[in-house]
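Note that the coordinates shown come from a computational prediction; the quantities given were computed from them, not determined experimentally. Lettering of chains follows the sequences in order, A, B, ..., and the numbering in each one begins at 1.
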2 protein chains.
Amino acid sequence: MTQDIRVQNAELCEVKAIHENIVTEVTQRMPNQTHVQSLSALFKVFGDGTRLSILWALSESEMCVCDICALLNLKQSAVSHQLNKLKMSRIVKHRRDGKVMFYSLTDDHVRKLLETGMEHISE
Amino acid sequence: MTQDIRVQNAELCEVKAIHENIVTEVTQRMPNQTHVQSLSALFKVFGDGTRLSILWALSESEMCVCDICALLNLKQSAVSHQLNKLKMSRIVKHRRDGKVMFYSLTDDHVRKLLETGMEHISE
DNA sequence: TTATCATATGATCATGTGTTAATATATAAT
DNA sequence: ATTATATATTAACACATGATCATATGATAA
């Protein structure tokens, strides 16, 4: 089966694999495309300075939109748009208290990702 | 000092912080902007399906461009472009063997980031 | 109700990004 | 030298993205 896919690729592609054994082996260990897509989508959310700052802030404390604006010196609209993206990705959750919306991280995975990334940076 | 920055932000911003104590506290715990920028740049590189697939493949084995093309069914040019970005970000390294270029991960941080991310996805 | 405050949303615009085709380079083989 | 092979590079294009402005919503206060 895996063999068939590789052969098929070789036809579609202008290049044919040189090291068939490696390709075959790695093919078997690759996660399925859905997983790769979800994962890259997750990383993409982290891949913007504004969003990353917001996430870092929220990893320290629950905050309202207003406070995030003041903290990061950003326009309310910009913050709101980014928070919406984070909400869509289920990375942050929110609760309302009167007129104020409080945002916080949905789980600790985010914190761990931030830390792991930071380790890479500061080596 | 931190206080001054906050006040300054409040002036530039159309919104004034509601919870001053939170803003002050989080401000002190925020990493500097350079770090945030580097980190978001790193995540951005991971935030593309093609690059992420390549990275995953390389986390399993050193591979040449040709093999990556066959494995992921991508045009040689597309792979080469993405490998260049990964090279620029110092995430992958390469060695030449005759006409063939072999790519591999520069260090194990990448592997760890992939794993940490995957944990988040598959919960 | 009306006014005000905190936040959300929609449209627009400039900029960034990934893919492709065409071409260039670099190495090896004939 | 010529040819073939593996990879890199350049330019072009379609598309996505983030910030901004204007405006809408939703909740409280007067």
Side-chain angles (χ1 to χ4, degrees), chain A residues 10 12-20 22-23 36-37 40-41 43-55 62-89 92-104, chain B residues 10 12-20 22-23 36-37 40-41 43-55 62-89 92-104:
Chain A
L12 291 168
C13 218
E14 81 271 29
V15 185
K16 45 186 191 298
I18 304 178
H19 313 90
E20 298 200 9
I22 290 182
V23 176
V36 173
Q37 242 177 320
S40 66
F43 281 128
K44 182 177 265 178
V45 174
F46 282 72
D48 172 76
T50 302
R51 282 192 298 269
L52 197 62
S53 301
I54 294 176
L55 287 177
E62 177 190 59
M63 292 184 83
C64 74
V65 180
C66 225
D67 290 347
I68 298 173
C69 291
L71 174 71
L72 303 175
N73 192 26
L74 293 168
K75 301 253 170 91
Q76 178 268 319
S77 179
V79 172
S80 206
H81 277 298
Q82 297 303 353
L83 281 172
N84 186 48
K85 287 201 175 183
L86 293 169
K87 199 167 49 179
M88 295 299 228
S89 313
V92 304
K93 60 178 190 252
H94 63 295
R95 70 178 176 86
R96 179 184 280 282
D97 181 11
K99 286 178 287 187
V100 183
M101 285 294 227
F102 284 99
Y103 282 84
S104 58
Chain B
L12 289 168
C13 217
E14 81 270 29
V15 185
K16 46 184 191 297
I18 304 180
H19 312 89
E20 299 199 10
I22 290 181
V23 175
V36 173
Q37 240 177 321
S40 67
F43 282 127
K44 183 177 262 177
V45 174
F46 283 72
D48 173 75
T50 302
R51 282 192 297 269
L52 197 62
S53 301
I54 292 176
L55 287 177
E62 177 190 58
M63 292 183 83
C64 74
V65 179
C66 224
D67 290 346
I68 297 174
C69 291
L71 174 71
L72 303 174
N73 193 25
L74 294 168
K75 301 254 168 90
Q76 178 268 319
S77 179
V79 171
S80 206
H81 277 299
Q82 299 302 354
L83 281 172
N84 186 47
K85 289 202 173 185
L86 293 170
K87 198 168 45 178
M88 295 299 229
S89 315
V92 304
K93 60 177 191 257
H94 62 295
R95 70 178 177 86
R96 178 183 282 281
D97 181 10
K99 287 178 288 188
V100 183
M101 286 293 228
F102 284 98
Y103 283 85
S104 58

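- Taking atom CE of residue B/M101 and atom C1' of nucleotide C/dA28, one finds them 15 Å apart after rounding to whole Å.
- Listed candidates were D/dA19, D/dA8, C/dT20. Nearest to the side chain of B/A78 is C/dT20.
- With rounding to the nearest 0.5 Å, the separation of OG1 in B/T50 from CG in B/L55 is 11.0 Å.
- Between B/F43 and A/F43, the ring-plane angle classifies as parallel under the 30° and 60° cut-offs.
- Between A/D97 and B/Y103, it is B/Y103 whose nearest contact on DNA chain D lies nearer the 5' terminus.
- Within a 6.0 Å sphere centred on CD of B/Q37, heavy atoms belonging to other residues, nucleotides or ligands number 12 at most.
- Put simply, NE2 on A/H19 is 16 Å from P on D/dT5, counting in whole angstrom units.
- Shown here for A/R51 and A/K44, the closest heavy-atom pair between the two residues is NH2-O, 3.3 Å.
- Relative to the side chain of B/N84, the nucleotides D/dA8, D/dC21, D/dT9 differ in distance, and D/dT9 lies closest.
- Nearer the 5' end of DNA chain D, as judged by each residue's closest nucleotide, is the contact made by B/L83, out of B/L83 and A/T50.
- Separation of atoms CD (A/Q82) and CG (A/D48) is listed at 5.5 Å; rounding is to 0.5 Å.
- With hydrogens and angles ignored, a donor-acceptor pair closer than 3.5 Å exists between the side chain of B/H81 and the base of C/dT20.
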Can you name the atoms? Protein N/O to nucleotides 13-17 of chain D N/O, anything below 3.5 Å, with the distance.
unit_1, atom_1, unit_2, atom_2, d
D/dT17, OP1, A/K44, NZ, 3.4

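- Look at CG on B/L86: it is 12 Å from P on D/dA8, rounded to the nearest Å.
- We find the CG-SG distance between A/D97 and A/C64 to be 10.0 Å, quoted to the nearest 0.5 Å.
- The aromatic rings of B/H94 and B/Y103 sit parallel, their planes meeting at an angle under 30°, below the 60° perpendicular limit.
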| remark: Going 5' to 3' through nucleotides 22-27 of chain D and flagging B where a protein heavy-atom sits under 4.0 Å of the base, S where only the sugar-phosphate is that close, and - otherwise, we get B---BB

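- Residue B/F102 is out of contact with every strand shown, counting any heavy-atom pair closer than 4.0 Å.
- Distance B/H94 NE2 to D/dA8 P: 7 Å, rounded to the nearest Å.
- Note: CD1 (A/I18) to P (D/dT5) measures 11 Å, nearest angstrom.
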